[in-house]
S.K.: 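This is the structure, below, for whatever I ask next.
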2 protein chains.
Amino acid sequence: MRVLEGRWKLVLLFHLFGGKVLRFSELERQTPGISQKMLIQQLRQLEADGIVRRVVYQQIPPKVEYSLTEWGQALCPALDALVTWVESKPAGLENATDDN
Amino acid sequence: MRVLEGRWKLVLLFHLFGGKVLRFSELERQTPGISQKMLIQQLRQLEADGIVRRVVYQQIPPKVEYSLTEWGQALCPALDALVTWVESKPAGLENATDDN
DNA sequence: CCGTATCCGGGGCGATACTG
DNA sequence: CAGTATCGCCCCGGATACGG
């Protein structure tokens with residue numbers, strides 16, 4: 001499970017949800033606040049763990065596409081369930097995330 | 001989603017899966033490697049985020065029980081899906097978790 | 001039994017600058 | 001466009017000791 005730890009892992013996975021294929025710059029744009037360093041780092045870890053596939057197009061300008069592996073696709077039901085969960089959040093229970 | 005971040009959060013949630021009610025010492029025993037500090041810290045954060053309920057029995061010796069709130073119970077499908085996912089892990093893809 | 005209080009090291013994470 | 005390379009803070013997490 002350690003595999004999913006990391007500040008941006010889940011966010012990135014959500015973006016690749018449902019067999020989507022995204023370029024580096026697209027992921028960057030869709031993930032406000034992330035730096036290139038963190039983006040590549042988290043992607044590389046996901047790749048090393050066999051969740052994300054990285055395809056390089058040898059050309060100028062460079063082009064790299066990221067997508068979920070089969071094993072990564074298998075995460076979709078879980079991600080789905082998580083979305084359902086956060087959307088079911090009762091009111092009055094906002095951000096207690098602060099004081100910890 | 002930050003709510004689920006933390007070295008032991010998911011592990012603890014798995015233990016409270018399905019409406020189970022556990023005492024502090026029970027959680028400690030079922031979670032090898034955790035220290036009392038981390039145990040109480042992660043529990044407190046989960047409590048502050050409305051996922052876990054903490055019930056204190058005013059008596060000697062002390063007794064404290066932890067369980068999932070309704071909003072916490074709603075996580076079960078997601079946890080279930082995660083279990084299914086890890087169990088579907090293909091062979092030959094063991095621990096790349098090391099070199100990151 | 002159920003916590004609190006401290007100390008401490010490693011690394012996660014961000015900001016910034018540079019490259020093919 | 002898609003990355004490396006550095007620097008540094010902060011805080012997460014482990015170890016240990018103590019208290020009601």
Side-chain angles (χ1 to χ4, degrees), chain A residues 1-16 20-49 51-68 95-100, chain B residues 1-16 20-49 51-68 95-100:
Chain A
M1 299 280 13
R2 307 292 301 265
V3 160
L4 298 182
E5 288 183 11
R7 175 73 178 78
W8 304 96
K9 296 263 180 75
L10 286 182
V11 184
L12 295 176
L13 291 178
F14 278 122
H15 289 143
L16 295 172
K20 257 178 297 197
V21 179
L22 294 176
R23 303 183 54 169
F24 185 86
S25 51
E26 291 173 324
L27 281 170
E28 188 178 8
R29 250 175 294 115
Q30 296 190 27
T31 315
I34 198 173
S35 66
Q36 290 189 328
K37 174 195 168 184
M38 288 313 296
L39 180 54
I40 192 63
Q41 178 190 104
Q42 307 272 298
L43 282 173
R44 284 271 147 80
Q45 290 178 8
L46 288 170
E47 185 193 3
D49 288 323
I51 298 175
V52 157
R53 175 165 28 239
R54 179 169 174 269
V55 179
V56 181
Y57 295 84
Q58 198 66 17
Q59 61 182 44
I60 308 286
K63 176 178 171 184
V64 181
E65 288 182 340
Y66 294 90
S67 56
L68 295 180
N95 26 357
T97 320
D98 309 337
D99 50 330
N100 281 336
Chain B
M1 300 277 15
R2 307 292 301 266
V3 160
L4 298 180
E5 287 183 12
R7 176 73 178 79
W8 303 97
K9 297 261 181 76
L10 287 182
V11 184
L12 294 176
L13 290 178
F14 278 122
H15 288 143
L16 295 172
K20 258 178 297 198
V21 179
L22 295 175
R23 302 183 55 168
F24 184 86
S25 51
E26 291 173 323
L27 281 169
E28 189 178 7
R29 251 176 291 114
Q30 295 190 27
T31 314
I34 199 173
S35 65
Q36 290 189 326
K37 173 194 169 185
M38 289 314 297
L39 180 53
I40 192 64
Q41 177 190 106
Q42 307 271 298
L43 282 172
R44 284 272 147 81
Q45 290 178 10
L46 288 171
E47 185 193 3
D49 287 322
I51 298 176
V52 157
R53 176 169 22 243
R54 179 168 174 269
V55 179
V56 181
Y57 294 84
Q58 198 64 16
Q59 60 181 45
I60 306 286
K63 176 179 172 185
V64 181
E65 288 182 340
Y66 294 90
S67 57
L68 296 180
N95 26 357
T97 321
D98 307 338
D99 50 330
N100 281 336

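Here the structure is a predicted model, which means the values were calculated and not measured. Each chain gets a letter, A, B and so on, in the order the sequences are listed, and its residues count up from 1.
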S.K.: Would you mind telling me which of D:dG3, C:dC2, C:dG20 lies closest to the side-chain atoms of A:Pro62?
M.R.: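 When the side chain of A:Pro62 is considered, C:dG20 is the closest of D:dG3, C:dC2, C:dG20.
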
S.K.: Which part of the nucleic acid does B:Ser25 contact within heavy-atom distance under 4.0 Å: base, sugar-phosphate only, or nothing?
M.R.: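 Answer is sugar-phosphate: B:Ser25 comes under 4.0 Å of backbone atoms only.
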
S.K.: What is the separation between atom CD1 on B:Ile40 and atom P on D:dA17, rounded to the nearest whole Å?
M.R.: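 Rounding to the nearest Å, CD1 of B:Ile40 and P of D:dA17 are 21 Å apart.
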
S.K.: How many whole angstroms separate atom CD1 of A:Ile60 from atom P of D:dC1?
M.R.: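 After rounding, the reported distance stands at 13 Å.
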
S.K.: How close do B:Phe14 and A:Met1 get, heavy atom to heavy atom, and via which atoms?
M.R.: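 Smallest interatomic distance, heavy atoms only, reads CE1-SD, 4.4 Å.
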
S.K.: Would one find a side-chain N or O of B:Arg44 under 4.0 angstrom from OP1 or OP2 of C:dT4?
M.R.: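 True: B:Arg44 side-chain N/O within range (under 4.0 Å) of C:dT4 OP1/OP2.
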
S.K.: Could you tell me how far apart B:Arg2 (CZ) and C:dG12 (C1') are, to the nearest whole angstrom?
M.R.: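 Atom-to-atom, B:Arg2 to C:dG12, this comes out as 11 Å.
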
S.K.: Hey, is the side chain of B:Tyr66 poking within less than 4.0 Å of OP1 or OP2 on C:dC2, counting only N and O atoms?
M.R.: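 No, B:Tyr66 has no side-chain N/O under 4.0 Å of OP1/OP2 on C:dC2.
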
S.K.: Closest nucleotide of DNA chain D for A:Val64 versus for B:Gln36: which of these residues is on the 5' side?
M.R.: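 It is A:Val64, whose closest nucleotide lies nearer the 5' terminus.
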
S.K.: Whole Å only: how far is the CD atom of A:Gln59 from the C1' atom of C:dG20?
M.R.: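 Result: 15 Å.
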
S.K.: Can you give me the closest heavy-atom contact between A:Ser67 and A:Leu16, atom names plus distance?
M.R.: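 Heavy atoms of A:Ser67 and A:Leu16 come nearest at CA-CD2, 4.3 Å.
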
S.K.: Detail all sub-3.5 Å separations between protein N/O atoms and N/O atoms belonging to nucleotides 11-13 of chain D.
M.R.:
residue: D:dG13; atom: OP1; partner: B:Arg7; partner atom: N; Å: 2.7
residue: D:dG13; atom: OP2; partner: B:Gln42; partner atom: NE2; Å: 3.4
residue: D:dG13; atom: N7; partner: B:Lys37; partner atom: NZ; Å: 3.3
residue: D:dG13; atom: O6; partner: B:Lys37; partner atom: NZ; Å: 3.3

S.K.: Would one find a side-chain N or O of A:Arg54 under 4.0 angstrom from OP1 or OP2 of D:dA2?
M.R.: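 No.
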
S.K.: For residues B:Thr31 and B:Trp8, determine if any side-chain heavy atom of one lies less than 4.5 Å from a side-chain heavy atom of the other.
M.R.: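 A side-chain contact exists here, since the closest heavy-atom pair is under 4.5 Å.
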
S.K.: Expressed as a whole number of angstroms, how long is the span from A:Ile34:CD1 to C:dG12:P?
M.R.: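 From A:Ile34 CD1 to C:dG12 P: 15 Å.
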
S.K.: Starting at atom CZ of B:Phe24, determine the distance to atom C1' of C:dC2, rounded to an integer number of angstrom.
M.R.: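 Distance check: B:Phe24 CZ to C:dC2 C1' gives 6 Å.
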
S.K.: Could you state the atom-to-atom distance from CD of B:Glu28 to P of C:dC1 in whole Å?
M.R.: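 It works out to 9 Å between those atoms.
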
S.K.: B:Arg23 side chain N/O closer than 4.0 Å to the phosphate oxygens (OP1, OP2) of C:dC1?
M.R.: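 No, no such contact exists.
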
S.K.: Test B:Tyr66 against every option in B:Arg53, B:Lys20, B:Arg54, B:Arg23 by the side chain to side chain donor-acceptor pair (under 3.5 Å) rule and name the one that passes.
M.R.: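 Exactly one candidate clears the test, B:Arg54.
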
S.K.: With heavy-atom distances below 4.5 Å as the criterion, would you say the side chains of A:Leu43 and A:Leu12 are in contact?
M.R.: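 Yes, at least one pair of side-chain atoms sits under 4.5 Å.
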
S.K.: Taking the side chain as every heavy atom from C-beta outward, state whether B:Val11 and B:His15 have any pair of such atoms under 4.5 Å apart.
M.R.: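 Yes; the side chains approach each other to less than 4.5 Å.
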
S.K.: Are B:Leu4 and A:Leu10 close enough that some pair of their side-chain heavy atoms sits under 4.5 Å apart?
M.R.: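 No. Closest side-chain heavy atoms not under 4.5 Å.
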
S.K.: What is the distance, rounded to the nearest whole Å, between atom CG of A:Leu39 and atom C1' of D:dC1?
M.R.: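 After rounding, the reported distance stands at 12 Å.
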
